[in-house]
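These notes are about the structure you will find just below.
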Amino acid sequence: MPKETSLKIATWNVNSIRTRQQLVREWLVTNQIEILCLQETKVVDGNFPRADFEELGYQVYVYGQKAYNGVAIFSKIPLKDVSVGFSPILGSTRVGDWDEQKRLITGVVNNTRIVNVYVPNGAGLNDSKYEYKLKWLGLLREYLQTLVKESSLDICICGDFNIAPEDKDIYNSEGKENHIMFSPPERQALQYVLDIGFQDALRKFNPNSGVFTWWDYRANGFSRNRGWRIDHHYLSPNLYEKAESCWVDLEPRKQVKPSDHTPVIVSLEF
DNA sequence: ATGGCGAATGCAATTCGA
């Protein structure tokens with residue numbers, strides 16, 4: 001038994017798990033990933049292609065819906081205390097309709113609660129979906145605040161946040177003040193969540209500009225490297241100390257029929 | 001400035017994503 005164990009947690013918006021099934025499988029075969037958090041699975045739970053991943057030794061936890069949204073966690077170690085949506089923590093009275101869109105799944109491993117989120121995109125600043133995004137982030141803050149208050153577990157929040165936190169997280173931030181994924185109100189809403197006490201895992205190791213996780217399918221975004229960093233791992237203080245590396249894997253984005261996102265991986269030493 | 005591309009639904013064209 002090694003004195004220290006390493007746990008690699010990846011996050012990847014796959015833009016349909018059924019379309020990306022083979023790509024995800026191949027990536028897991030060539031990479032030693034203990035936990036994979038998926039977003040935009042776009043499939044109801046009964047149709048999730050779980051067998052392919054169970055064969056690789058993963059427990060598969062899903063929370064999906066027809067056509068849109070959907071999150072899942074694959075884990076080599078069985079998770080404890082798995083729950084989906086806001087209501088198990090915040091209560092159905094407070095949450096109301098906010099769990100209609102399937103955007104959050106959580107479970108516990110190694111004294112660590114993993115919270116996998118797919119934050120709403122928001123469409124545009126004058127769209128009702130923008131208001132939805134800001135309110136959803138407010139609810140996420142309440143959710144995390146409640147977790148922190150009610151338990152001493154470490155927390156890793158990872159997923160597609162649909163927000164580039166800083167100028168250097170966009171290939172060119174000029175003129176993007178009113179652009180979805182960069183406007184000040186949404187960045188402030190994210191910062192308000194992080195102010196509870198979470199830190200950006202990637203920025204512990206890499207202060208540089210030009211680190212991206214998403215490239216638009218249109219206008220050859222990837223070949224021109226017109227990217228954005230909108231997928232993140234945010235860690236509570238103890239976990240932040242345990243992080244030993246964090247990186248983006250560009251290989252899946254180079255493949256035929258890729259997702260428009262590529263995986264981000266954090267390695268934790270316990 | 002606009003639209004570009006890709007996926008789902010469901011079978012043509014529309015909606016959505018970011």
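The sequence lines fix the lettering, A, B, ..., with proteins before strands; numbering per chain opens at 1.
Nucleic acid contact for A/A67: sugar-phosphate only, since backbone atoms but no base atoms lie under 4.0 Å from a heavy atom of the residue. The residue A/R18 sits close only to the backbone: its heavy atoms come under 4.0 Å of sugar-phosphate atoms, none of a base.
One finds a side-chain N or O of A/T19 lying less than 4.0 angstrom from the OP1 or OP2 phosphate oxygen of B/dA8. Applying the 4.0 Å criterion to OP1 and OP2 of B/dA7, one finds that A/K257 has a side-chain N or O inside that range.
For the P atom pair drawn from B/dC16 and B/dG10, the interatomic distance equals 14 Å after rounding to whole Å. The separation of B/dG3 from B/dT15, taken at their P atoms, amounts to 14 Å, rounded to a whole angstrom. With P as the reference atom, B/dA18 and B/dG6 are 16 Å apart, rounded to whole Å. Straight-line distance between the C1' atoms of B/dC11 and B/dG17: roughly 22 Å, to the nearest whole Å. For the P atoms, the distance linking B/dG4 with B/dT14 amounts to 14 Å, nearest Å. Remark: the separation of the C1' atoms in B/dA7 and B/dA12 is 16 Å, to the nearest Å.
Ion pairing between a basic and an acidic side chain is recognised when a charged N comes within 4.0 Å of a carboxylate O; A/D260 and A/R218 show no such pairing. Of the charged side-chain nitrogens involved, none lies within less than 4.0 Å of a carboxylate oxygen, so that A/E166 and A/R187 do not count as a salt-bridged pair.
Among the candidates A/M181, A/Q191, A/K133, A/R229, the single residue satisfying the side-chain contact (heavy atoms from CB on, under 4.5 Å) test with A/I163 is A/K133.
A 4.5 Å side-chain heavy-atom check between A/I35 and A/F74 finds every atom pair outside the cut-off.
In this structure, A/K176 forms no cation-pi arrangement with A/F182, as its terminal cationic atom is not both closer than 6.0 Å to the ring centre and no more than 45° off the ring axis.
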Tabulate protein N/O versus nucleotide N/O from nucleotides 16-18 of chain B, keeping only pairs under 3.5 Å, one per line.
{"unit_1": "B/dG17", "atom_1": "OP2", "unit_2": "A/K129", "atom_2": "NZ", "d": "3.3"}
{"unit_1": "B/dG17", "atom_1": "O3'", "unit_2": "A/E40", "atom_2": "OE1", "d": "3.4"}
{"unit_1": "B/dG17", "atom_1": "O3'", "unit_2": "A/Y118", "atom_2": "OH", "d": "3.4"}
{"unit_1": "B/dA18", "atom_1": "OP1", "unit_2": "A/N13", "atom_2": "ND2", "d": "3.3"}
{"unit_1": "B/dA18", "atom_1": "OP1", "unit_2": "A/E40", "atom_2": "OE1", "d": "2.6"}
{"unit_1": "B/dA18", "atom_1": "OP1", "unit_2": "A/Y118", "atom_2": "OH", "d": "3.1"}
{"unit_1": "B/dA18", "atom_1": "OP1", "unit_2": "A/D160", "atom_2": "OD2", "d": "3.4"}
{"unit_1": "B/dA18", "atom_1": "OP2", "unit_2": "A/Y118", "atom_2": "OH", "d": "2.8"}
{"unit_1": "B/dA18", "atom_1": "OP2", "unit_2": "A/N162", "atom_2": "ND2", "d": "3.0"}
{"unit_1": "B/dA18", "atom_1": "N9", "unit_2": "A/N121", "atom_2": "ND2", "d": "3.2"}
{"unit_1": "B/dA18", "atom_1": "N7", "unit_2": "A/N121", "atom_2": "OD1", "d": "2.7"}
{"unit_1": "B/dA18", "atom_1": "N7", "unit_2": "A/N121", "atom_2": "ND2", "d": "3.3"}
{"unit_1": "B/dA18", "atom_1": "N3", "unit_2": "A/R218", "atom_2": "NH2", "d": "3.4"}

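With rounding to whole Å, A/Q65 atom CD is found 18 Å from B/dT15 atom P.
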When you look at A/Y63 and A/T41, which way does the side chain to side chain donor-acceptor pair (under 3.5 Å) test go after all the steps?
CA-CA 9 Å; A/Y63 184 45; A/T41 51; over 6 Å; no

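Partners of A/F222 under the ring pair (Phe, Tyr, Trp, His ring centres under 6.0 Å) rule, at least two apart in sequence or in another chain, are A/W215.
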